[in-house]
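Every chain is numbered from 1, with letters handed out A, B, ... down the list of sequences. Computed from heavy atoms alone, side chains included, the values below leave out hydrogens, waters and symmetry copies.
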2 protein chains.
Amino acid sequence: MARRLFRKCIPGIVDVAKHASVSPATVSRYFNSPEVVRYETRKRIEAAIEELDYVPNGAARSLNRGASGTIGLIVPTIDNAIFAELAQAFSTSLFRHSRTMLIAAHGYDLAREGVLVESLLEHRVDALAIVGLKHEEQTFEILDKRDIPAVMLWNYRDRQSLPCIGVDNREVGRVATEHLLELGHRDILFLFAELRGNDRAADRRSGALAAMATAGVEVPRNRRVVSPYDVQAAKELALKALTATPRPTAIFSGNDVIALGVLFAAMSLGIRIPDQLSVIGIGDFRGSSAVEPGLTTVRIPARRIGRRGAEILIELLEWPSGHTRPDERLPVEVLQRGSTALI
Amino acid sequence: MARRLFRKCIPGIVDVAKHASVSPATVSRYFNSPEVVRYETRKRIEAAIEELDYVPNGAARSLNRGASGTIGLIVPTIDNAIFAELAQAFSTSLFRHSRTMLIAAHGYDLAREGVLVESLLEHRVDALAIVGLKHEEQTFEILDKRDIPAVMLWNYRDRQSLPCIGVDNREVGRVATEHLLELGHRDILFLFAELRGNDRAADRRSGALAAMATAGVEVPRNRRVVSPYDVQAAKELALKALTATPRPTAIFSGNDVIALGVLFAAMSLGIRIPDQLSVIGIGDFRGSSAVEPGLTTVRIPARRIGRRGAEILIELLEWPSGHTRPDERLPVEVLQRGSTALI
DNA sequence: AACGCCTCTGCAAACGTTTTCATTGATGAT
DNA sequence: ATCATCAATGAAAACGTTTGCAGAGGCGTT
């Protein structure tokens with residue numbers, strides 16, 4: 001094949017080698033195990049690198065080594081406070097171990113998720129983290145066949161086909177509901193988050209309804225509403241429910257964004273919180289404590305999940321075998337602030 | 001060099017070729033220009049790919065082609081509503097053109113930014129987008145030497161060394177201030193965002209102060225405060241200012257997060273907005289319209305910036321030469337909602 | 001028949017690293 | 001002087017693709 005004459009002479013390791021009058025092998029060693037290279041040689045190489053503005057070619061390295069130093073993260077969307085926090089923590093942890101994050105978002109579309117996995121595999125990520133428990137069968141198969149380390153983040157459940165690191169979202173739904181029940185509320189409006197392609201939301205819902213059943217409280221159809229992930233939309237749904245009679249005494253919100261919408265709806269109707277209405281959220285987003293009144297919510301440790309996810313994958317990479325399964329179920333807790341009170 | 005016997009037989013193009021009884025070249029053509037491969041041959045190759053679960057090796061391709069199909073994005077932090085929106089839009093646009101985003105965050109640390117650029121170059125990104133105008137000299141130099149397409153996002157200014165796509169943040173600061181002035185406010189508290197390593201915030205500040213100067217209104221020292229990017233912190237700063245006398249009649253907030261903090265502070269003090277206090281934000285974050293009262297803010301089209309940034313880089317890649325400089329200055333506008341009123 | 005053209009495919013040379021193995025001196029022990 | 005040891009380096013074979021060139025048939029035209 002003909003030389004690519006046109007390519008703009010971007011310097012390679014052999015150029016550096018020539019410049020420093022050593023062999024490419026030595027330059028490579030300079031990077032990968034400097035201590036075996038004689039001091040003066042090292043100096044010469046350094047000078048050459050500086051001179052040529054040499055930057056190693058990751059593709060070539062990864063081709064040779066069979067590892068790219070890159071770890072994939074698949075989230076529903078970046079554009080969502082809580083996943084952004086997760087991603088940031090994940091990325092930072094990786095950076096600390098000199099690896100890079102390759103992030104991809106599927107927009108709650110499981111089919112598209114498959115494409116993303118393929119794409120990440122094509123980039124030869126060394127490991128993979130996916131948000132959520134529910135994925136296409138094919139995804140699991142291909143990860144298994146390739147046997148690259150993989151974990152599922154955010155939601156936790158026992159005996160999954162892949163290790164998970166996160167919280168049990170059924171528990172989350174349960175404790176939020178129990179909190180309202182303990183305060184004496186019986187007529188509760190449930191504003192669940194969109195369930196499609198979202199096992200977290202689905203789990204919260206089933207946890208919540210289970211808690212209600214345990215308490216022996218009926219939840220009529222019109223008290224179970226699904227809200228988009230959007231303050232404005234949640235606000236409108238809440239407005240509708242709060243202007244009808246009878247009015248619920250409490251609102252369970254599938255996440256803090258929905259809760260924020262509820263708060264604003266109440267405000268615009270002049271309904272005093274928590275005297276006339278209790279509101280609980282889920283997530284403890286940044287800023288939820290500053291809302292007026294402070295939002296009672298179930299804390300989900302997003303950053304910690306991101307950090308642990310990254311750390312565990314790296315561990316898996318560096319000690320490939322042995323190990324018990326690295327599942328981690330993180331604790332959740334209700335943070336009672338000003339938005340809930342005894343009925 | 002000895003064969004890497006241990007590597008778990010992950011199939012390559014030659015395995016596929018053998019399986020389909022063709023040459024590797026033909027398999028490669030199957031991917032890159034299917035129309036030249038005979039139908040039956042194509043079928044055979046498809047079967048082999050299916051059978052072996054073959055996924056092309058991006059590193060090898062990128063090594064050979066000298067292009068990785070990957071485009072870098074450097075942001076201060078992902079974990080920030082507005083940059084998350086930007087990144088999401090950027091990523092989606094790239095995906096549409098079958099390219100991948102490699103994102104990196106420096107946490108407002110210009111020094112670390114240099115490392116990130118290097119790291120992205122090592123990954124051989126085909127192009128690069130950076131948020132902000134101000135960067136290390138070395139960054140510009142290396143981008144220039146490598147001559148990979150690069151743009152600066154978010155902030156706009158004429159005659160920069162790299163094309164920029166964004167809004168003029170001095171204008172942003174100016175129009176926000178003018179809005180308050182037009183409503184008759186003279187005693188305005190300025191809660192600027194953190195300025196260090198943040199040319200956007202600095203520009204907003206200078207635009208705002210210039211507008212005040214033009215109007216001939218003095219801004220005393222204690223009316224210029226810098227707030228962290230955090231609802232709680234902004235709330236506390238606002239609380240302090242709002243409990244002192246004299247109380248400002250309006251608050252200029254460097255971004256919507258700060259404005260939210262101000263709103264909550266006013267609420268907790270029982271100060272009615274906008275009757276007793278006008279508040280303006282900047283950014284028009286998702287949800288800012290749903291706040292009660294609706295937040296008046298200066299709209300910055302984050303998604304559009306992300307999308308255009310991606311599109312422009314791709315254009316630059318596909319028609320490498322010619323072209324006028326692709327700078328784009330996007331319009332800003334004040335969205336008056338319920339949080340500002342005549343004094 | 002001879003020739004040219006077209007379609008499809010194979011050959012083999014890159015791409016820029018890493019790493020095994022061998023080589024070269026230098027040093028120290030016998 | 002001989003030999004083993006050691007430190008520092010070089011030579012060369014991979015890694016898995018892409019692609020220019022050339023070859024092999026098939027077909028239509030002279």
Return the polar atom pairs (N/O with N/O) between nucleotides 22-28 of chain C and the protein under 3.5 Å, or none.
none

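Legend: residues meeting side-chain contact (heavy atoms from CB on, under 4.5 Å) with A/Thr100, ordered by chain and number and at least two apart, are A/Thr70, B/Leu102, B/Ser119, B/His123. Taking B/Asp144 as the reference, nothing meets the side chain to side chain donor-acceptor pair (under 3.5 Å) condition, with sequence neighbours excluded. Residues meeting the side chain to side chain donor-acceptor pair (under 3.5 Å) test with B/Ser68, sequence neighbours left out: B/Asp126.
When each of C/dT17, D/dG10, D/dG16 is scored by its nearest atom to the side-chain atoms of A/Asn57, the top-ranked nucleotide is C/dT17. Comparing C/dT19, C/dG16, D/dT18 by their closest approach to the side chain of A/Ala60 singles out C/dG16. Listed candidates were D/dT17, D/dT19, C/dT9. Nearest to the side chain of B/Arg65 is D/dT19.
Between the CG atom of B/Leu121 and the P atom of C/dT17 there is a distance of 13 Å, rounded to whole Å. Rounded to whole Å, atom P of D/dT18 lies 12 Å from atom CG of A/Leu63. A straight line from CG of B/Asn64 to C1' of C/dG16 spans 11 Å, rounded to a whole angstrom. The interatomic distance linking A/Tyr30 (OH) with C/dT19 (P) rounds to 18 Å, in whole Å. The distance between atom NE2 of A/His123 and atom P of D/dT17, rounded to the nearest whole Å, is 14 Å. Rounded to whole Å, atom C1' of C/dT17 lies 11 Å from atom CZ of B/Arg124. Between the CG atom of B/Leu52 and the P atom of D/dG16 there is a distance of 14 Å, rounded to whole Å. Between B/Arg61 atom CZ and D/dT18 atom C1' there is a gap of 9 Å when expressed in whole angstrom units.
Note on B/Ser28: a base of the nucleic acid sits closer than 4.0 angstrom, heavy atoms only.
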Between side-chain atoms of residues 87-96 of chain A and protein atoms elsewhere (two or more places apart, or another chain), which donor-acceptor pairs fall under 3.5 Å?
residue	atom	partner	partner atom	Å
A/Gln88	OE1	B/Thr77	OG1	3.1
A/Gln88	OE1	B/Ile78	N	3.0
A/Gln88	NE2	A/Thr92	OG1	3.3
A/Thr92	OG1	A/Gln88	O	2.7
A/Ser93	OG	A/Ala89	O	3.3

Return all side-chain donor-acceptor pairs below 3.5 angstrom for residues 127-137 of chain B, not counting sequence neighbours, or 'none' if the list is empty.
residue	atom	partner	partner atom	Å
B/His135	ND1	B/Glu113	OE1	2.7
B/His135	ND1	B/Glu113	OE2	3.0
B/His135	NE2	B/Gly132	O	2.7

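Contact between B/Leu162 and B/Asp327 at its shortest, heavy atoms only, is O-OD2, 4.4 Å.
Applying the ring-ring contact (aromatic ring centres under 6.0 Å, His included) test to residues at least two apart or on different chains, the pairs with a partner in residues 49-68 of chain B are B/Phe31-B/Tyr54. Pairs passing the salt bridge (Lys or Arg N to Asp or Glu O under 4.0 Å) check and including a residue from residues 26-47 of chain A, sequence neighbours excluded, read A/Arg38-A/Glu40, A/Lys43-A/Glu46.
Taking a 4.0 Å limit (strictly below) on heavy-atom distances, residues 38-51 of chain A reaches DNA chain D at A/Arg38, A/Thr41.
For B/Ser23, no side-chain nitrogen or oxygen approaches OP1 or OP2 of C/dT9 to under 4.0 Å.
Remark: the B/Tyr156 side chain and the B/Asp158 side chain contain an N/O donor-acceptor pair separated by less than 3.5 Å.
With hydrogens and angles ignored, a donor-acceptor pair under 3.5 angstrom links the side chain of B/Arg29 to the base of C/dG10.
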